[in-house]
Amino acid sequence: MEYNFRKIEADWQKYWADNETFKASNQSEKPKYYVLDMFPYPSGAGLHVGHPLGYIASDIYARYKRHKGFNVLHPQGYDSFGLPAEQYAIQTGQHPATTTEANIKTYRRQLDNIGFSFDWSREIRTSNADYYKWTQWIFIQLFNAWYNLDSDKSEDISTLITLFEADGNATVKAACDDEIDAFTATDWNAFSEDKKQAVLLQYRLTFLSETEVNWCPGLGTVLANDEMVNGVSERGGHTVVRKKMKQWSMRISAYAQRLLDGLNTIDWPQPLKDSQTNWIGRSQGAMVSFQIEKFEEKIDVFTTRPDTIYGVSFMTLAPEHELVQKIVTDEHRATVEEYIKATSKRSELDRMADVKTISGAFTGAYALHPFTGEKIQIWIGDYVLASYGTGAVMAVPCGDQRDYAFAKHFNIAIPNIFADTDISETCFEGKEGVKLANSDFLNGLPYKKAMKTIIYELEKRSIGYGKINYRLRDAVFSRQRYWGEPFPVYYKNGLPQMIAKEFLPIALPEVEKYLPTEDGKPPLGNAEVWAWDTEKNEIVNTDLVNDTTVFPLELNTMPGWAGSSWYFNRYMDASNTGDFVSKEAVDYWQDIDLYIGGSEHATGHLLYARFWQKFLFDLGHLPKEEFAKKLINQGMILGTSAFVYRLEGTNKFVSKGLIGDQKVQAIHADVALVNTSDELDVEGFKNHPLNRDYKDAEFILEGDKYVVGREVEKMSKSKYNVVNPDQICEEYGADSLRLFEMFLGPLEQAKPWKTSGISGVHSFLKKLWKLYLVDEKFSVNEEAPTKDELKTLHKTLKKVEEDIENFSFNTSVSTFMIAVNELTAAKCNKRAILEPLALLVSPYAPHIAEELWKNLGHTGSISTVDFPVFEPKHLIESSKVYPISFNGKMRFTLELPLDMSKEEIEKTVMAHEKTIAQLAGRTPKKIIIVPGKIVNLVG
RNA sequence: GCCUUGGUGGCGGAAUUGGUAGACGCGCUGGAUUCAAAAUCCAGUUCCGGUUUCGGAGUGUGGGUUCGAUUCCCACCCAAGGUACCA
C-alpha cells in the first residue's frame, strides 16, 4: 500500500466540503477562537508559493485550536475592488466584474488544493452589493457623527445640533475644520437649512473639502505620493500636476491620540507599532505668534521647544508659505523669487540625496520677538516644509542642528541660552542636565519647569498656547475610479445628502467606458442611469435631473481601503441582510484572536481599520475598541532566479562554470526549465514561447550540462522565478507543500524558496505512512509501548505544542522527522504511539492524518479530536550527571525528570554526591539548585 | 541620518533561564540493494593539521562581565525592511 497522496488529498478535500467539516457555529459550549488571514486581492496571475505562507500558518493554528477544544472561526474572502481589474477593463473592454469573478475561481481552486480549513459558507467579496451595502451604511454613520472632545468619543450629529440650538458653537469642543466662524444660538436658529448643513459639514467625521492632490491626466486619476517617482506616475511615467479638488475626507485625526493609546492594549509586533506611532507623529509643544514688523499679519509657528524662545535669532518660512510674497522687500524680491523657483525644480530625489547643502534666502522683512521686541530676520529655506505644522519655524540655532547649520552658513547670530555649555562647534540638542540662561524670567530653570512657565506666560499674554501636534492627516476618501464602492450620496443645492438605509445598496452603474469623461469627470460620469429620484427613492436616468425631485449622484467611488476596514466583523455574520453584523454574533465572537498578514499594511489598512473599529465602538455597534488582539507579520518568500549567460554580441550561451573572464550578459531563464542540480533544459529553453530570439542559439556545455547561475529576488512573473503551488501539489502533494513552507524558516522572516529541499519533507511523509504498515498492509498492534517509545511520543508532543503556541512552526517539522526516524528504528507499530502521533501531525499535514485516522478504525474527521495529554514523567527517565567545566573549581550538571518535587530533587542531588565525589575527587561544598531541570554542584 | 530586525558550515536554518555549538533538512562523499536506473536503507560531512586513539581554531569585528557567552553589557562593521529635513 503506497502513500498515494493524490487520491488521499482529493478524497479528504471532497469529504470536508461535503460534510461542511469546518463550518463554524455562532453558538457553542466551547470557548471561541477567531483566526483570520488578511484577505487577498484576486489578481490575474493567480497564487504563487509565496502567497499561502501566512494561510498555512493560520490554518495550522486554527486546526490546533480545534484539537484543543475551541469553537474556531476561520473564514476567507476577497478584497475584490481594485485598480488592476479596472486597468485591465480599460485595455480590453471586459467588465471588471467578469475578470474578478474568473480570478476568484482560480484562487478558490488553488486554495482548495492546499487543504485549508476555511469556513467557506462565510465567504465575502468587497465588490458584492450585499457586502458594500454595509460599507455604504458605515459611511453614512460617519457622516452623521461628530467627534466630541469633551466626552472624547464620536457622537451622533443630533447631539451637536442640540448644543448649537442652546449655545451656538462657543462652548462646543469638537475635532473639526480649523477656521469655523463663531455663532450664537440665535444666529444658528436664524440660519437657513442650507447654511446649517454647510456648518455641520465642517464637523462631520466624513466631510467634503478642497484638497490639493496629485492629479495625473494620463491615468485620469489622483495618485498617492508613493505612486509617484520623480514627479511622474510610477505606472506609465505620465506627468503629474497639483490640482485642487473637492473630495471626501475622513477625520482620522480626531482619533490620533486614541490610536496611539490603543497600541498599548494589543499584542502586535513592535516594529509595526513603531511605524504606526511614527506615522501618527505626536509632538508636544506650543503655538507661538510672531508679529511681522510693519504688517498686520502674524507668523504662527509650532515648536516643541518653546522654552528656548530667548534663543530665537531668525525665522524660517517654507518657500511656499503664503506670506512670503507679501512681506518680501523689493530689494530682496529677485533673490527670493529665484530661490522659490529653484526649490520647486528640485526633485524629491535631489532633496534626499543632499541633506548637507544649506540653502535659503533673506526676505528683507523682520518679525518682532514676542518677549524682547527685538527685530528678527525672516528667511525662507527649503528645510522647512509647507505641509507640516504651520510651514514656519522659529529658529533657535543654539538648540537645533539644522538651525545651527543655517545660521553658521548665513552668518546669523547664535545667542547661547544654555548655561555652562559650549556651542562654538555644535549646538546643544539635549533637554536634561542643563539650565537656561540669558532668558529673562526663565533663567536658571531646567527643561520641564521652563516648559511649564513659558506656556503659562504665552497663554497669559495671549501670544501663544500649549499644543499637541500630530503628523497624521485626515485621509482622502474619494477616488476617480470605476471599480470601487459608490457613495450613497446625491447633491441638492450643491450640498451632499445621504440616502436612507432602506434604499441601500446604491449599486455600481453600468458604463460604456471605464476611463474618466472627456471633461475630466470620474468614470461614473459616463453612466446614463445615475441620478436619484427622491420621490420614488430609486436610481434613474441622468436626463431626468431637475431641481425639485431628481438629483445627481456622487461620481467618485471609495478607495481600496474602505471595504477592508471592517470586513473582519462581517465574517461573524456574513449573510445578515438587516444589519452589518448582528448584536448576538458580534457579542459572541467579539474580536480577532489571531490576525496574520504582511507588514506592508502597517500604516494603511491596519490604521484605517483601527479607526473605523473605534468609531463603530463609540456608537455602540461593536463591543471591542480594537479589532485584533494579536497580529503576526509573515515574511515574504523570495524566488531563486536562474540566469543563463550570453556572450556579449553573440547568440552563444556559455555554462556558468566556463565564463571565466569573458564578457557575458545575464538573462533570466524560467525556473521551471531548471532541475534541482541547476542544469538547464536546453531544448526547453530554445522552444520557450517567450524566448523566440534564442531558437537557434548555441550552447557551450560543461561536460554534457548547461549550468545556470542563481540569485535570490522577489518572486515575480517578469523574473521568471515564480513557482506555482499547483505544480508542487501535483508532484509532491499539499501536505508536502504545507510542511515545506513551514520548514523553510521562521514565519516572520523573509526566506528564499528552493524546490530542491522539498524531497526531505516528502520522504518524511512516506516514512510516516510506512510506520502504520506491516508487509505492505495497514496494521497496528495493541501492545503496551516501551519507555523509549513513550519518551519519543511525549518529547514530540511537548515540542510541537510549544512550537505552535510560539508560532515557530519550522522547528516542529524537524521534531516530527526525529520522531519518525526513532520509531522506524525501533520498529514501533503500536496503536498507543501511532494514534496520538497522527493527531499531532494533523494540523500540519491534515490529509495524511485523516487517512491514517480512518485506517486506525475511526469514523468521521480527525479535526475535532482532542490532542493527547502531555505527561512529563515520560521525558527523562533517570537523572544523569556530567561535569561541565574545570577551572580550579569543578562543576557538574545534573539532568532531572521534569515533574520532580523539590524534596525529590534534593534527594536525588544527595544521591549523586557520591558520583560527584568520585569524579571530582572530593565532596561538593555547595549545591546550587536552579528551578527547572539543571542543578549546579560546586565542587 | 533615524527607527526596527538580523549576521552561526557549501545552503536553509537549530540551540530552553548563560551550561557538550552546528539539531533537522538540502547538497556532497562512500557503501548496501539492483543487470542498470529510480526509489529505499546505512555511514560520513564546521574548518585547519596529524589522519586509528588526537591537537588547534571557531557563532560579523574589537573589548567587557562570568568558572563558563551564539545567548548578557559597551563600541564598531555589514545586510534587509520602514521612514524622510517633523521645527
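In what follows, every heavy atom counts, from backbone to side chain, and hydrogens, waters and symmetry copies are set aside. Chain A is the first sequence line, chain B the second, and so forth, proteins listed ahead of strands; every chain is numbered from 1.
- Atom CD of A:Glu805 is surrounded by more than 12 heavy atoms from other residues, nucleotides or ligands within 6.0 Å.
- Nucleic acid contact for A:Glu748: none, since no nucleic acid atom lies under 4.0 Å from a heavy atom of the residue.
- Taking atom CD1 of A:Ile818 as the reference point, atom C1' of B:A14 lies 9 Å away to the nearest angstrom.
- Rounded to the nearest Å, the gap between the C1' atom of B:C78 and that of B:U8 is 15 Å.
- Residue-level contact check: A:Asn821 touches the backbone only, with heavy atoms under 4.0 Å from sugar-phosphate atoms and none from bases.
- When the P atom of B:A14 is taken as reference, atom CG of A:Asp803 falls 11 Å away, rounded to whole Å.
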Practice task
Assess whether side chain to side chain contact (heavy atoms under 4.5 Å, CB included) is satisfied between A:Val49 and A:Glu741, documenting all intermediate values.
Solution key: CA-CA 8 Å; A:Val49 291; A:Glu741 292 228 354; 3.5 Å; yes
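- In this structure, A:Phe743 atom CZ and B:C24 atom P are separated by 10 Å, rounded to whole Å.
- Separation of the P atoms belonging to B:C35 and B:C24 is 33 Å when rounded to the nearest angstrom.
- Judged by closest nucleotide on RNA chain B, A:Pro271 is the one of A:Pro271 and A:Arg305 placed further toward the 5' end.
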Please tabulate the protein-to-nucleotide N/O contacts below 3.5 Å involving nucleotides 79-83 of chain B, giving atom names and distances.
none

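- Scanning RNA chain B for stems, defined as runs of 3 or more consecutive Watson-Crick or G-U wobble pairs whose donor-acceptor distances all fall under 3.5 Å, gives the following ranges: B:1-7 with B:77-83, B:10-12 with B:24-26, B:27-32 with B:40-45, B:46-49 with B:54-57, B:60-64 with B:72-76.
- Residue contacts shown for A:Lys767 are limited to sugar-phosphate atoms, with no base heavy atom under 4.0 Å away.
- If you check every strand for non-hydrogen atoms under 4.0 Å, A:Asp403 touches nothing.
- With both ends at atom C1', the span from B:C11 to B:U45 equals 14 Å, rounded to whole Å.
- As rounded to the nearest Å, B:A75 and B:C3 have P atoms that lie 12 Å from one another.
- B:A37 and B:G44 have their C1' atoms separated by 24 Å, given to the nearest Å.
- Using atom P as the reference point in both B:U61 and B:C67, the two lie 25 Å apart (nearest Å).
- Rounded to a whole Å, the NZ atom of A:Lys754 is 14 Å from the P atom of B:G10.
- Between A:Glu730 and A:Arg6 there is a salt bridge, since at least one side-chain N of the basic residue sits less than 4.0 Å from a carboxylate O of the acidic one.
- The interatomic distance linking A:Glu802 (CD) with B:U17 (P) rounds to 10 Å, in whole Å.
- The phosphate of B:A87 (OP1 or OP2) has a side-chain N or O of A:Tyr388 nearer than 4.0 angstrom.
- Summary of the strand contacts: A:Val761 and A:Thr304 both lie near RNA chain B, and taking for each the nucleotide with the nearest heavy atom, the more 5' one is attributed to A:Val761.
- Nucleotide B:A15 holds its C1' atom 15 Å from the CG atom of A:Asn806, rounded to whole Å.
- Look at A:Asp307 and A:Arg305 and you find a salt bridge, because one of the NZ, NE, NH1 or NH2 atoms lies within 4.0 Å of a carboxylate O, short of that distance.
- Atom P of B:U4 sits at a distance of 31 Å from the matching atom of B:G58, rounded to the whole Å.
- Shown here are the salt bridge (charged side-chain N to carboxylate O under 4.0 Å, His left out) partners of A:Arg282, two or more places apart in sequence or in another chain: there are none.
- Counted within 6.0 Å of CD on A:Glu600, heavy atoms from surrounding residues, nucleotides or ligands total more than 12; the atom is thus considered enclosed.
- One interatomic measurement links the two molecules: CD of A:Glu731 to C1' of B:A38, which rounds to 14 Å at whole-angstrom precision.
- Comparing B:G19 with B:C77, their P atoms are spaced 30 Å from each other, to the whole Å.
- Comparing B:C85, B:C26, B:G12 against the side chain of A:Ser756 picks out B:C26 as the nearest.
- Atom CG of A:Asp274 is separated from atom C1' of B:U4 by 7 Å (rounded to the nearest Å).
- The minimum heavy-atom distance linking A:Asp403 with A:Ala395 is given by the pair OD2-CA, 3.3 Å.
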